[in-house]
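Data first, discussion second: the structure below is written as structure tokens.
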Amino acid sequence: MAIQIPLKDPSVEPYVSDGTFDQRVWSQVARIPHGRLATYGQIADLIGAYGCARQVGWALRRLKLPSSVPWHRVVNAQGRISMSLSREGSDWIQRDLLLAEGIPVDGEGRLPLRQFLWQPDAHAGD
DNA sequence: CACATGACCGTAG
DNA sequence: TCTACGGCCATGT
């Protein structure tokens with residue numbers, strides 16, 4: 001399946017904490033097409049930060065809203081918007097933005113992830 | 001340094 | 001489909 005989150009593989013360099021983590025996350029998120037979705041683990045995977053899905057969440061949290069980065073297209077692997085009081089309502093804003101892009105989201109934040117999951121081209125990212 | 005907390009993930013029951 | 005648990009790792013106290 002497409003949503004496989006590889007566990008930390010010692011044969012691969014995890015990720016470099018050179019201070020560019022946020023930048024890497026944002027640039028990958030910026031690649032998600034309009035009307036498509038990606039998961040936190042998927043983004044972590046794409047930037048070589050295996051097992052750092054939580055850090056992707058932190059990186060998105062650091063965005064100053066409104067932002068040109070389509071942060072709302074990132075949801076959890078369970079196919080739900082990660083609802084949290086600490087988000088100060090940005091979770092509900094996320095729901096509105098997704099609805100505006102044509103993605104059906106129910107009252108509990110559930111959405112058809114399989115159907116809208118973004119599958120990046122292998123050769124596109126270099 | 002110890003400990004608690006997250007926009008997480010997968011498995012088990 | 002739901003809850004519970006363990007593992008994960010950067011941050012904050």
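Just so you know, these numbers come straight off a predicted model, no measurement behind them. Lettering of chains follows the sequences in order, A, B, ..., and the numbering in each one begins at 1.
Of the candidate nucleotides B/dA7, B/dC8, C/dC9, C/dC9 has the atom nearest to the side chain of A/Cys52.
Of the side-chain N and O atoms in A/Ser84, one or more sit less than 4.0 angstrom from OP1 or OP2 of B/dA7.
One interatomic measurement links the two molecules: CG of A/Leu60 to P of C/dT11, which rounds to 14 Å at whole-angstrom precision. Atom pair A/Arg62:CZ and B/dA7:C1' shows a separation of 12 Å (rounding to whole Å applied). Remark: P of C/dC9 and OH of A/Tyr40 are 19 Å apart, rounded to the nearest angstrom. Distance, A/Ile32 CD1 to B/dA7 P: 18 Å, rounded to whole Å. Residue A/Ile81 contributes atom CD1, which lies 19 Å from atom P of B/dG6 at whole-angstrom precision. The interatomic distance linking A/Asp22 (CG) with C/dT11 (C1') rounds to 12 Å, in whole Å. For the pair A/Arg24 CZ and C/dA10 P, the computed distance is 13 Å after rounding to whole Å. A/Arg61 places its CZ atom 6 Å from the P atom of B/dA7, with the value rounded to the nearest Å.
If you take CZ on A/Arg114 and CG on A/Leu37, they are separated by 13.0 Å, rounding to the nearest 0.5 Å. In this structure, CZ on A/Phe116 lies 5.5 Å from CD1 on A/Ile103, to the nearest 0.5 angstrom. Rounding to the nearest 0.5 Å places CD1 of A/Ile43 at 4.5 Å from CD1 of A/Ile32. Atom CG of A/Leu117 and atom CD of A/Gln42 lie 5.0 Å apart (nearest 0.5 Å).
Residues satisfying the side-chain contact (heavy atoms from CB on, under 4.5 Å) test with A/Arg80, not counting sequence neighbours, are A/Asn76, A/Gln78, A/Glu108, A/Arg110.
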Nucleotides 1-7 of chain C: which of its N/O atoms have a protein N/O under 3.5 Å away?
unit_1	atom_1	unit_2	atom_2	d
C/dC2	OP1	A/Arg110	NH1	2.9

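More than 12 heavy atoms of other shown residues, nucleotides or ligands fall within 6.0 angstrom of atom CG in A/Leu65.
The side-chain hydrogen bond (donor to acceptor under 3.5 Å, both in side chains) analysis of residues 91-105 of chain A, with sequence neighbours excluded, yields the pairs A/His72-A/Glu101, A/Arg73-A/Glu101, A/Arg87-A/Gln94.
Here A/Asp91 lies out of heavy-atom contact (under 4.0 Å) with every strand.
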